[in-house]
Amino acid sequence: MNAVVGIDLADRKQMLVVTDHDSKVLARRTFRCKAWDLGSALDWAAERAEAKGFAG
């Protein structure tokens, strides 16, 4: 089963939320970066999902 990552894109501040398939929030975090610099944010989201037992 996979987790879902929701991203609220803004100019310099991005908000990420990792949820399960029922929309239960597993983790959330704000990143201060441009939208095209989200590599580390997506790595963080993948780590949170894996820590909760999700495949990806």
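We count residues from 1, following the sequence as given.
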Inset, instruction - Would you please test Arg48 and Leu26 for side-chain contact (heavy atoms from CB on, under 4.5 Å) and show each step? - result: CA-CA 8 Å; Arg48 300 289 80 73; Leu26 305 173; over 6 Å; no
Inset, instruction - For the pair Val18 and Trp44, evaluate side-chain contact (heavy atoms from CB on, under 4.5 Å) and give the outcome as yes or no after the intermediate values. - result: CA-CA 10 Å; Val18 181; Trp44 170 86; 4.1 Å; yes
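In terms of heavy atoms, Val5 sits closest to Ala45 at CG2-CB, 3.7 Å. The nearest pair of heavy atoms linking Thr19 to Val17 is CG2-CG1, 3.6 Å.
Interatomic distance, CG of Leu38 versus CG of Asp43, reported as 10.5 Å (0.5 Å rounding). Between the CZ atom of Arg29 and the CG atom of Leu16 there is a distance of 9.5 Å, given to the nearest 0.5 Å. Here the straight-line distance linking atom CG of Asp20 with atom CZ of Phe54 works out to 5.0 Å at 0.5 Å rounding.
Linking ILVMFWY side-chain heavy atoms closer than 4.5 Å, directly or via other members, places Val4 and Val25 in two distinct hydrophobic clusters.
For NZ of Lys34, the number of neighbouring non-hydrogen atoms (other residues, nucleotides, ligands) closer than 6.0 Å is greater than 12.
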